[in-house]
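Below is one structure, written out as C-alpha cells; comments come after it.
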Amino acid sequence: MVNILGFDLPLFVFALVPMTTASLLVLLERFLNVSRTQKNIMHIIAFMGAATDVILAFLFGYAILNSTGNEFSSTFIINLGADVTSLFFILIFTTVHFAVTVYCINYMEQFDELPRFYALLLTVVAGLNLIALSTDFFTLFVAYEMMNLCAYSMVAFYRNVESAEASFKYLVMSSSGALLMLYGVALVYGTTGSISFEALAAMSPMNNLVLSIGGILMILGFGVTAAMLFFNTWLPDAHPAAPPPAHAMLSGIITLGGTYGMLRTLFLIIPLDALTGANWNIVLIVVGILTTLQGNLFALIQFLRSDPQARNLKRIFAFSTISHMGYLITGLGAGTILGIGGVLFHALSHALAKGVLFMITGFLIYSTGTYYLDQYKGFGRRDPLIGVCFVIGNFSLASIPLTSGFWSKFQIILGLFENGNPIGVFAGITLLIFTFFAAAGYLWLIKYIVFDKSDQDPKYIENFDSVTFSRRKSWSMKAAIVFLAILVVLIGIFPGPVADFAIKAATALLG
Amino acid sequence: MVAIGTYGDFEVILVLSLMMLIIGVYGLVSKKSAIKVIMAIEILVGAPNLAFIAFGYAQGTVDPMTEAFVIISLSVGAAVIGLSLAFLRNLWKHFHTTEVDAYTTLKG
Amino acid sequence: MADFINTYSFYTDLFTLLVQPWFLIFVLPMIGALLSVILARFNAFIRNIIALISTGLAAGFALLLVFGQTWGEYALEIMPSNAVGVYFTNSINVDPLSAFMALVAAGLGFLIALFSLEYMKGDEAETRYWFFLQLFVGGMVLLVLAGDLILLYFGWKIVGVCSYFLIGHWFHKPDPQGELCAKSGIKAFLMTLVGDILLLAALGILWLALGTINITDIITGFSTVSASLQVLVALFVLAGAIGKSAQFPLITWLSSPRSVNIDAMQGPTTVSALIHAATMVKAGVYLISRFYFVFRQVEIDIFFVALAMVAVITAFITAASALVSVDIKRVLAYSTVSQLAYMFMGLAIGYLAYSTEEAISFEGFMGTQFHLMSHAIFKALLFLSAGAIIHSLGNERNIKKMGGLKKDLPILHWVTLIGVCALAGIPFLFNGGYSKETILTSAFAFAQTESSYAIFGWLIFGIGIITAFMTAVYAFRFFFLIFYGEKPADLKVHTPGPIMHGVTGLLGGLVIVTGFTTPLWFNAYFEPMFEGYNLHLAIIPSALEGWVTLTIVTAMVALGIGLSYLIYFKGDRTIMPTVRKYWILNVSHTIAKEGFYLDRLYSSLIDLFHWGNWKLRNLQTGDLNYNMSLLGAVALTITVILLFL
C-alpha cells in the first residue's frame, strides 16, 4: 500500500487506471458512432486516464522519496512491489505517455480507429507499469507479453504493406525472445526453487550450469526488446511502420521494458550465478558498444541510400534508438553506481528527446503526408518553433551541453571509467568516439530540416503551412513537443535532482 | 533447490522441453513458410511450460505455483498465436504468399 | 582537496549566487541571450540594447575581477550532492589567468557586439545572431573561469555550438552561399568534435586516476598518476587543443582552400573576428596554458615534442597558405592559425624548459599569454576592418579585385595599417612586436642551454623567424593589395558608419597602448600564479638573447615588408608570371594554395568510410529467417563465451 494524499492505494492502481480507461474507450466505440463530438469525448477520456496516471506517479514519487523505507509492496489482485528504480521507470513511462496522449488529440483526428489506438497506448503503459512493479519474474513475463502484444498491434495499426511485414517480423522475433526468457525463468525456478525477487535476493551464489544457462537465456530474451546487437533487426522495420505517436512510445519507453528486465536479471540472477557471473560485465560492455556502433553506422547508411524508400526520417531515428539502447546496455555492463544511475538517467533523457523528435516527425508526416527527408527540407525554418525543438532534441541525443543528454551520457561514461577495469576505460573512450558518427548524422538532419531551402513540391509546403499556422490543427501537437523540449532543456540546466534520484535508485540496487 | 540427477523421470520431460526449444528455434531459422514459423513459435511456447511442469514435479510434490504459471503462460501463448495469425492474414492480403522470403520490402 | 572560499548550491543558493560577480559574468550574457529572444518580439531596438548591456556588464565584471585581484575558488554544486556519494564538485576558479582570459573574451565580446549593431543591421535573422553572440560570450567566460574540467567542457561545447550556428548564420541566403554556410557549420563542429571527444576522455581518465576533476587537485595529484595514463591524458588534452585551435592536422575547419570553400569564414565577419580569431580558437591555448601547471611537473617527452612539432608545422604551412590566399578573410584566418601556432611554440618552450631552466620556461609561458592578448586585439581589429571593407564593397571578398581604397576609406586604411604592423611584428610600437619577440627570445635562450631538448629550441626559433618573415610579407601584401594600386572600375564603395569606425579606431588605440604598457603590469599581475617568482618580461630586452632576437626579427620583418613593398606596391602586384616560369615554384604555389591537400585527404577518408559502410548494409536483409539466424548466432556466441571462456 502506498499512502497518496491520505488514501491508501494499492500499487495496482498504476495498471488499473490505464486499463479501465482503455476498456471504457473500447466499450464506447461499440456504443457510439464516431463523429466529431464523440471523438472529443474519447480525447477527454484518454487524456484523463493519462493525466491521472502521471499525477499518481508524481504523488507516489513524492511519497516514496519522503518516506524512510525504500520499498513498498501491496497485494491487490497480484503481488506488486516498488522501489526507487521502479518508481523512476514509472515516472518515465507515464510522462512520455502523457505527452503522447496530448499529442494524439490533433494527430489521431484523421483516424476513425482513434479509441482503439488510445486503448493500445493505455494498455502498453499498463503493461510497462506492471513490469516495473512486478515482484517476481513470472509476473514480469506476463506484463512483458501484455506490453508486447499491444506493441505489435500498434506497429500493425496502419495495415499497409509496411506495417503488415514489420509487425509480423516484430512479433516473431520479439515473442520468441520472450519465450526464450520464459525458458530461462523456468530454469532459474528449477535450480533455485523460487522466482520472486525477494527470495532470489536472499539466496547465496551457486555453481550450477543450468542456472547459468537460465540467466543467459533471460538476458538474451530481454535483449530482443532492449535492441541488443543483431537482436534488433526487427527494430528499424517495426518502429517506422507504427504511427508516429506510437513510434515515440516504442522507441522511448517500450524498449525500456527490455532494459528494465535486463536490469532486474542482472541484479538478481547473475549474482547467484558463480559460473558466468564475473564475465557478464565484459560481455555486456562489448555487446553494448557494438550495438551503439551498429546503430550509428546504419543510421549513416540511410543518408547514402537512393532507392525509393531512401532517407526515411523515422528509419534514421530507429537506428539512433538502437545506438542509444547500446549506451544503456554498456552502462548496465559497467555495473557501478554511476553507471547504473547513468542508465536510468539516460533512459529518461533518451525517452524525452526521442519523444520530441518523433512528435516532430509525426508533425511533418501529418502535415505533408510523406515520410521522406527530402520533402521536409526547410520546414524547421518556416516554423521556427518546430526548428528549435528539432535542434534541441537532436542536440540532446548528440549529448551537447544545456540538454539532458549531455549529463546522462556523461554519467554512463564516468560509470564505465569508475568500473576500473581496463575494458571499462576502453569502452568509455570508444563510446565517446562513436559520438562523432552520431553527431554527424544528427547535424546532417538539422541541415535538412532547418538549414536547407524548401525546394520540394509546392504542395507539400502548402500542406505544411496550412497545418502549422492553424492553431486548431496543431495546438496539441505543438504543446506536447514544447512540453518535452522544455523538460529536456530544464534537466540540462538543472540536472541535480534527476541525477540524484537516479543515483539513489542505483545505490539501492547495488546495496 | 534441486540437485539434477536424483529424479529420473523428470529429467526425461526436461530433455523433451529442451528438444522442443531447439526444434522451435530450428523452425524459426530454417522454415520458409510463415505458417511453419508460427508453428515453431507454438512449439517454443510449449518448451518453457514443459520445463515448468518438470521442475514443479522435481520439487518432490507437485508445486501448485508451476501449474498456475503454465496455465497463464499457455493463455499468453494463445494470444500471441492468435495475433500472429491475424498478422498473417494481413500479410496475405498484401503479398498473396506465405513465403517469408517475400516479406523483404524493408531492408538496409 | 582544493580550498574553496565558499560553497554554493546551484539549487538552494541561486539567489545568493546572482550577486556574485564571478557568477554574473557568465550568467548575464546567457540570461541576456534568452531575454533578447523574448524581447525581440516587441522591439528590435530593445533586443540590441539588451545584448549590449549584458555583454557590457560582463566586460565590466571581468574588469572588476582583474582589478579586484581577489583570487580564489568557489565551489558550485550542480550534480548529485554528498548524501549519495560525492562524485565531483564543480567550481569556479578566479585566478590571474582565468580573469585575464575572461576580460579578453567579455571585453572583445562587448566591442564586437557594438560593431555588430551597425554591421548586422537589417540582417534577416538578427535575433538569432544576438542570441548566439551572447550565449557565446557566456560560454567562453564559463570555459575560462571553470575550476573543474566538467564546467570547462560545458563551456567548451557551448562555444562550439555557438560557433556552429554562427558560421551557418547565413544559411538562408540563396544557394550556393546558403548551402556552403550550412556545410561549413557542420564541418567546423565535426572537426572540433574530434578534439572535444578526446578532451572528455582525458577528463574521464583523470577522474578515474585521481577521483577528482578539480584542476587544483589535478595539479597537486598528477605526479601520482601512472606514467602511461599521464601520457594518454597529455596527448588527449593536446588533441582537444588542436581541434579547438585549428592546429595541424585539423586546420581546415577554420580556413580551407578556395577550391573547397567550406570553412568558418563563411560566417559573418564579426563572428570571425570574435570567435574564430579573438576568443574561441584561443580556448586551445588556454587549455594548454591551464595544464601547464599540471604537465610541467612530469616529463612527458612525447607530449612536449608533439606540442612543439604541431606548433612548428602549423606555423609554417599556414603562413605559406596565407601568402597565396586571395580571399580577404582567409588570409586573416590562415594568419590566425599561424599566430596561434606561435602561442603553442611559446608553451612548448614553457614545457621543454621547465625542468632545467625555470626562468626561460616562465618567459615562454608569459610570452604566450601576452601574445594571446595582443593577437586577440589586433586580429579582432583586422577582421573588423576586413568586415567593414567587405560591408562597404557590397560583399566582395577577393583582394585581387580590390585596390586603391585608401582614398575612399582613409580611416580604415590607417587602422588596418596599425593592425598589419602589429601582425607583422614591428617592434617597440605595436603589441604584436613585443609579444612575438618575447616568445622568440625565450626560444633563442632555450636553444643555447644544455638541455637535451635544446634542439627543439633551435627548431622553434628557426621556424619562428622564417614564419615572422612570411608573416611580414603576407600582412603587407594584404594591406597593399587592398589600399593601394589602381582601383578597379566596377568597385562601388560606400563609407561605413561611425560605430564601425569608432570600434576599429578604439581597437587600433588598444593595439598601441597595450604594446608598451603591458610589460609594466603583466609580471606583477601573473606573479600569484608563480608563487612570488620574479618574472622577466621587460619593455627593453634585458639580456643579450633579447637583443639578438630583436635584431634578427627586425631584420626579417624589414626584409619581408621590403619584399612585399617591391612586389605589391612598386611592382606589378602579382607573382604569378614568375611562379609560372619555374616548375618548383609552381608546384609549391599550388600545394600552398590547396592548403597542403588536407581537405582532399579528409574527403577521401570520408569516401572510404562511406564505401565500407555501404558494404555493411548487407547485414540488414530484412529476411525473417536470416534475422533469426543472426539472432541465434549472436546468442550462441555469447553463451559459448560466457560458459567456456
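So that the names make sense, note that chain A is the first sequence line, chain B the second, and so on, each numbered from 1.
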For this session: Below 4.5 Å from any heavy atom of chain C, which atoms of B/V100 appear? Answer side chain, backbone, both or neither.
Result: both
Exercise. By a 4.5 Å heavy-atom criterion (distance strictly below it), what part of B/L28 contacts chain C: side chain, backbone, both, or neither?
Worked result: both
Exercise. Does C/N625 reach the main-chain N or O of B/K31 with its side chain, forming a donor-acceptor pair under 3.5 Å?
Worked result: yes
Exercise. Does CZ belonging to C/R617 count more than 12 external heavy atoms closer than 6.0 Å?
Worked result: yes
Exercise. Are there more than 12 heavy atoms of other residues, nucleotides or ligands under 6.0 Å from atom NZ of C/K593?
Worked result: no
For this session: Would you mind reporting whether B/T104 and C/T621 have side-chain heavy atoms less than 4.5 Å apart?
Result: no
Exercise. Take atom OH in C/Y597; do more than 12 heavy atoms of anything else shown fall under 6.0 Å from it?
Worked result: yes
For this session: Can you measure from CG (C/L619) to NZ (B/K107) and round to the nearest 0.5 angstrom?
Result: 14.0 Å
